[in-house]
Amino acid sequence: MELIEELVIMPLGNLRLDLLKEAPAPIHDGFAYLSSEVEAGIVAGVGAEPALYIETEYFGGMGAQGAALFADGKLMWRRAISTEDTGTILAKTPISQGLAALGVRSAVGQDEFDTAGLSRFRSLEELGLFEWEDED
């Protein structure tokens, strides 16, 4: 699915997300799925091209999100936050920081997440994936 600024989103459905949790490498703190194995897979898949891995889970304004930025064939940084830790949603979230690093410039009154068009997708269904539809 195309977004703005030449960005493309590649969502993972429930089956593939469950497979990520079964991987032997431990999940990084604050993330639901990101491990060193997943990071290695991303680097292998994108090579030197920049890529942003994101996770987000919110309900009623409470939840968590994380992002990991890849460029030049390596992990540049990763960060995860939770409203349980911060008590509120931060002005510059990890996802917005990652999008800014990819060159997304926020529009007036919006953050990079909204400017990139990601706010249109609040569920897997809105991304075009329905429960277990990603099965082979």
Side-chain angles (χ1 to χ4, degrees):
M1 297 190 162
E2 289 191 27
L3 301 171
I4 63 138
E5 306 284 332
E6 299 179 4
L7 297 177
V8 176
I9 189 168
M10 298 184 316
L12 299 177
N14 292 320
L15 178 66
R16 287 185 173 81
L17 291 173
D18 286 348
L19 291 172
L20 291 179
K21 278 198 167 187
E22 293 173 10
I27 303 296
H28 294 307
D29 286 342
F31 287 88
Y33 304 101
L34 187 64
S35 66
S36 58
E37 254 183 89
V38 172
E39 290 173 355
I42 293 169
V43 168
V46 301
E49 293 297 316
L52 183 66
Y53 168 92
I54 65 172
E55 293 183 8
T56 182
E57 182 71 38
Y58 283 96
F59 183 77
M62 301 299 288
Q65 68 166 261
L69 180 68
F70 297 85
D72 301 323
K74 63 185 177 188
L75 172 71
M76 304 305 281
W77 58 261
R78 71 174 172 256
R79 181 170 173 236
I81 61 166
S82 167
T83 54
E84 290 179 15
D85 299 333
T86 64
T88 185
I89 298 172
L90 300 176
K92 200 68 159 178
T93 64
I95 294 173
S96 286
Q97 289 173 338
L99 290 168
L102 292 178
V104 175
R105 300 295 166 245
S106 59
V108 175
Q110 295 184 325
D111 63 7
E112 291 81 0
F113 187 89
D114 292 325
T115 300
L118 288 168
S119 58
R120 294 180 293 152
F121 308 111
R122 299 292 180 180
S123 68
L124 287 175
E125 292 78 17
E126 290 173 342
L127 286 165
L129 286 173
F130 297 92
E131 191 168 353
W132 309 114
E133 190 172 70
D134 62 345
E135 292 183 33
D136 294 326

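From a predicted model like this one, the values you see are computed outputs, not experimental measurements. If you read the sequence from its start, that first residue is 1, and numbering goes on from there.
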Could you tell me which non-hydrogen atom of [X] sits nearest to which non-hydrogen atom of [Y], and how far apart they are?
X	Y	result
Phe31	Ala80	CE1-CB, 3.7 Å
Glu37	Pro24	OE2-CD, 3.1 Å
Ala116	Leu99	CB-CD1, 4.2 Å
Leu118	Ile95	CD1-CG2, 4.5 Å
Thr115	Ala107	OG1-N, 2.9 Å
Lys92	Arg79	O-NH1, 3.7 Å

Going by heavy atoms in the side chains, are [X] and [Y] under 4.5 Å from each other?
X	Y	result
Glu49	Phe70	no
Leu34	Ile27	no
Ile81	Pro94	yes
Phe113	Ser119	yes

Side chain Gln65, main chain Glu57, donor-acceptor under 3.5 Å: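 No; zero donor-acceptor contacts below 3.5 Å.
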Report task. Please answer whether the main-chain N or O of Asp111 pairs with a side-chain N or O of Ser96 as donor and acceptor at a distance below 3.5 Å. Result ->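 Checking the backbone N and O of Asp111 against the side chain of Ser96, no donor-acceptor pair under 3.5 Å is found.
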Point to revise | Glu39: partners by salt bridge (charged side-chain N to carboxylate O under 4.0 Å, His left out), with sequence neighbours left out | key: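 Listed in chain order: Arg78.
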Nearest 0.5 Å, what's the NZ-CG distance between Lys74 and Leu69?
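If I round to the nearest 0.5 Å, the distance is 11.0 Å.
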**Message:** Could you work out, with side-chain hydrogen bond (donor to acceptor under 3.5 Å, both in side chains) as the rule, every residue matching Tyr33, not counting sequence neighbours?
**Reply:**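 If we apply the side-chain hydrogen bond (donor to acceptor under 3.5 Å, both in side chains) test to Tyr33, skipping adjacent residues, there are no hits.
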**Message:** Using the rule given for side chain to side chain contact (heavy atoms under 4.5 Å, CB included), can you reason through Leu75 versus Val43, listing the C-alpha separation, both sets of side-chain angles and the distance that settles it, and then say yes or no?
**Reply:** CA-CA 8 Å; Leu75 172 71; Val43 168; 5.7 Å; no
